[in-house]
Amino acid sequence: MIPALRARWPFGRRRPIGPASLGAKLVLILTAVGVAGALGITLLLASVITPSFSALEAKAIAGHVERTQAALGEYAAKVENAVRDYGDWTQSYDYMATPPGSPAAATFERDSFSPLAMTNLGVQGMAYVTPQGTLRIARWLDPASGRERARLRTALVQLATHADLARVIGRNNSGHFYARLGPVVAAIGVAQVRRSDGTGSPRGYVLMARQVTSRQLSDLIRLDARIDRSGLGDAPMVTPGKRTMAIAVPIAGVDGHAVAAARFHVVRDVSLLGRRMLLLAIAGSTLLLLIVLLVLRRVIARLVLAPLLRVERHMQRVRASGSMALFQDDGRRDEFGSLGRSLNAMLSQLKDLREQIEVQSFALGRSESAVAVMHNVRNALNPISTILSQGIAQAPPIDRATLERAIAELARDDLPAERRAKLAAFVQAAFAAKMASREAMRRELEVGREAMAHVLEIIGQQQKQAHERPSLERCDLSEIVARNAAIARYSDSASIAFSFPAEAHLALANRVILSQVIGNLLGNAAESIAATGRQSGSIGVTIDEEGDEVVVRIRDDGEGFDAATGATLFQRGFSTRAHKSGGLGLHWCANSMTAMEGSLRLESDGKGLGATAVLTLRAAERDEIAQAA
């Protein structure tokens with residue numbers, strides 16, 4: 001793998017699942033989004049639901065106050081209706097003109113203020129007052145015993161003589177209000193005393209008092225209420241509790257100020273409902289958001305992380321095995337499908353580049369080796385060249401013609417002794433110089449012989465290295481066959497159907513040499529099919545793992561060969577084509593397979609029945625295959 005690519009994508013180790021992984025980051029992001037979303041939903045629901053239910057609760061409280069005030073007003077209005085019957089009554093009108101203590105007055109008082117009459121009216125107290133505020137009669141009877149209650153009568157007299165009854169009546173002829181008479185609170189009805197037909201100048205006022213108890217108030221407002229005589233606030237008071245609401249409705253007196261308060265508690269149904277709805281909405285939205293985030297996480301894990309993990313595992317297998325196997329695309333048409341196709345294109349390009357680099361490295365290494373050998377040979381031949389050059393350029397020590405003349409002159413009998421002695425010395429010196437020159441030449445030839453031996457030694461060493469076995473590595477035979485399939489599929493001599501296995505089969509071989517061997521065999525098979533004269537044919541490749549060996553069989557339906565021809569197929573320079581000779585040939589293929597600790601043999605059932613090339617290689621070790629996978 002390219003170092004830069006390996007530095008950017010460390011396929012050699014598995015990334016630990018932690019904050020640095022994409023899955024953990026997505027989990028953290030989704031968790032943060034979920035928390036922020038839950039808080040946002042909570043604030044949104046609280047800002048919408050709480051004010052709405054608070055307004056509904058306030059409206060419900062106002063309704064309770066209005067109903068209580070209406071019930072109190074209706075209770076007092078009933079007393080006013082009863083007292084209006086006594087006010088618009090001729091006998092009352094005449095009674096107010098009758099002197100006190102007269103028989104007529106006594107008769108009226110006995111009949112009208114009897115316990116039965118007051119019980120029928122539903123009142124406990126009655127009083128007649130003159131226009132000047134003078135009491136004419138007042139009575140307060142106990143409804144249970146029918147006896148006079150002096151304390152309450154005194155309180156009623158005090159109220160009747162000191163209250164501004166004209167203000168209570170106003171422009172009408174009757175009115176009502178509430179008053180606190182000692183320990184009780186009573187509804188007071190007031191009416192002017194007139195004739196039954198409403199004529200005549202009013203002769204005073206008649207008052208009726210009806211006690212209001214907590215039980216009566218509870219029956220009126222249909223709530224558990226009580227009369228609180230200590231609460232004198234003039235405005236309704238609301239005291240919220242956790243589950244109930246305490247409400248105090250003032251009971252107005254004759255002067256408009258509260259004389260007591262109607263207190264009761266109501267359950268905060270609206271508030272509790274709003275709180276439950278808020279909690280339910282928050283819980284539901286949070287649960288829904290959690291489900292959405294979980295589904296989103298599963299979807300991201302399945303649609304994003306899983307494809308990325310498949311790509312990473314594939315790249316780890318590529319790095320471990322060294323084979324540029326293509327990524328198995330599942331046919332997706334999204335971004336990951338495009339990524340897989342781009343990855344396959346990159347792997348194909350890298351595979352092509354690597355094989356080109358291997359071939360170029362092989363050629364470059366061979367060229368560099370040849371250059372190095374030639375350099376060494378040149379250095380070793382330099383002495384020989386120098387010796388030969390010097391030997392050719394060196395002149396003889398004595399001129400040959402001069403020496404021959406001296407020898408011829410010595411042969412004469414009439415040569416003077418002195419001359420003979422000089423010539424003899426000259427000849428002797430010439431022969432000595434000749435022998436010295438020959439000795440020097442012999443020594444130089446010995447040096448040249450040693451240099452030549454050095455050259456031969458260099459060449460022999462290179463030949464020894466050239467015959468060493470090539471380095472073996474794990475190779476995917478299916479991938480090599482697929483790469484060379486173009487030789488058969490795109491043959492210009494015939495249309496050839498080609499089939500080969502898609503599964504990976506690993507064996508030990510030299511990828512470059514094995515690729516040339518398979519390419520040569522496929523080319524021979526294509527030529528064999530074309531030699532039959534047909535326009536089409538088929539080549540099938542099968543790969544079988546037999547024990548510790550992997551066997552590749554290349555079958556064709558070409559011209560085949562007979563037994564006599566099969567014995568000479570692997571001879572150097574042999575070719576079954578009349579117009580060809582030399583080339584890589586089956587001889588080189590067989591030697592290359594032997595150098596890779598494998599074998600090559602050819603099988604055929606006879607002429608015209610096709611042929612099968614059987615290549616046998618050592619299988620990769622199981623642990624190596626598992627590591628590559």
Side-chain angles (χ1 to χ4, degrees), residues 469-470 472 475 477-491 493-494 496-501 505 507-534 536-619:
R469 295 185 182 274
L472 304 182
C475 300
L477 301 182
S478 299
E479 186 268 341
I480 295 176
V481 172
R483 178 166 182 80
N484 289 275
I487 298 176
R489 286 201 302 262
Y490 297 98
S491 176
S493 57
I496 299 175
F498 187 81
S499 63
F500 61 95
H505 295 277
L508 294 178
N510 185 286
R511 182 179 288 103
V512 177
I513 297 177
L514 182 60
S515 178
Q516 296 180 67
V517 170
I518 292 177
N520 187 58
L521 293 176
L522 292 177
N524 290 342
E527 292 179 358
S528 177
I529 293 173
T532 61
R534 302 196 311 269
S536 63
S538 63
I539 298 176
V541 179
T542 59
I543 303 176
D544 301 314
E545 297 181 8
E546 301 176 359
D548 296 333
E549 295 180 343
V550 180
V551 180
V552 182
R553 291 180 174 85
I554 303 176
R555 296 183 177 87
D556 64 79
D557 56 354
E559 60 181 351
F561 56 87
D562 52 21
T565 305
T568 59
L569 289 176
F570 294 100
Q571 294 180 2
R572 182 186 299 273
F574 177 81
S575 176
T576 58
R577 309 288 177 257
H579 61 285
K580 288 186 177 181
S581 64
L584 289 178
L586 294 176
H587 174 77
W588 180 87
C589 293
N591 290 338
S592 298
M593 291 299 298
T594 303
M596 292 186 292
E597 301 180 8
S599 63
L600 170 63
R601 70 178 188 272
L602 297 178
E603 299 175 352
S604 178
D605 293 334
K607 190 70 172 177
L609 298 178
T612 301
V614 182
L615 294 85
T616 303
L617 291 167
R618 281 194 335 173

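The structure displayed is predicted, hence computed values, not measured ones.
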Quiz item: With distance as the sole test, does T532 use its side chain to make a donor-acceptor pair with the main-chain N or O of E559 at under 3.5 Å?
Solution: no
Practice problem: Using the test side-chain contact (heavy atoms from CB on, under 4.5 Å), find all partners of N510 that sit at least two apart in sequence or belong to another chain. | Solution: P470, S471, V512, I513, M596
Exercise. With sequence neighbours left out, write down each residue that passes side-chain contact (heavy atoms from CB on, under 4.5 Å) with S499, or none if nothing qualifies.
Key: none
Exercise. I would like to know whether L508 and E597 meet side chain to side chain contact (heavy atoms under 4.5 Å, CB included); could you show each step before the answer?
Key: CA-CA 9 Å; L508 294 178; E597 301 180 8; over 6 Å; no
Practice problem: Locate the shortest heavy-atom distance separating A526 from I539; write the atom from each residue and the value. | Solution: N-CD1, 4.2 Å
Quiz item: Taking all non-hydrogen atoms of both residues, which atom of S536 and which atom of I529 are closest, and how far apart?
Solution: O-CG2, 4.0 Å
Quiz prompt | Pairwise distance CG(L522) to CD1(I518) - rounded to 0.5 angstrom | solution = 7.0 Å
Quiz item: Is the backbone N or O of G537 less than 3.5 Å from a side-chain atom of D557, with the two atoms forming a donor-acceptor pair by type?
Solution: no
Self-check item: Spatial distance of atom CZ (F498) from atom CD1 (I554) [nearest 0.5 Å]
Solution: 7.0 Å
Quiz item: Mind checking what makes side-chain contact (heavy atoms from CB on, under 4.5 Å) contact with A507, not counting sequence neighbours?
Solution: L477, V550, L617
Quiz item: If you measure from CG on L600 to SG on C589, what distance do you get to the nearest 0.5 Å?
Solution: 6.5 Å
Exercise. Would you name the heavy atoms of G560 and S528 that are closest together and state the gap between them?
Key: N-OG, 3.8 Å
Quiz item: Is the backbone of A590 close enough, under 3.5 Å, to the side chain of T594 for a donor and an acceptor to pair up by distance?
Solution: yes
Self-check item: Partner residues of R601 under the salt bridge (charged side-chain N to carboxylate O under 4.0 Å, His left out) criterion, sequence neighbours left out
Solution: E603
Self-check item: All side chain to side chain donor-acceptor pair (under 3.5 Å) counterparts of T542, not counting sequence neighbours
Solution: R555
Quiz prompt | side chain to side chain donor-acceptor pair (under 3.5 Å) involving E549 - partner list, sequence neighbours excluded | solution = none
Compile the donor-acceptor pairs under 3.5 Å between side chains in residues 604-616 and protein atoms, sequence neighbours left out, one pair per line.
residue: S604; atom: OG; partner: F561; partner atom: N; Å: 3.3
residue: S604; atom: OG; partner: F561; partner atom: O; Å: 3.2
residue: S604; atom: OG; partner: G606; partner atom: N; Å: 3.3
residue: S604; atom: OG; partner: G606; partner atom: O; Å: 3.2
residue: S604; atom: OG; partner: G610; partner atom: O; Å: 2.6

Quiz item: What's the spacing between I496 CD1 and R534 CZ if we round to 0.5 Å?
Solution: 9.5 Å
Quiz item: In Å, rounded to the nearest 0.5 Å, how long is the span from CD1 of I480 to SG of C475?
Solution: 4.5 Å
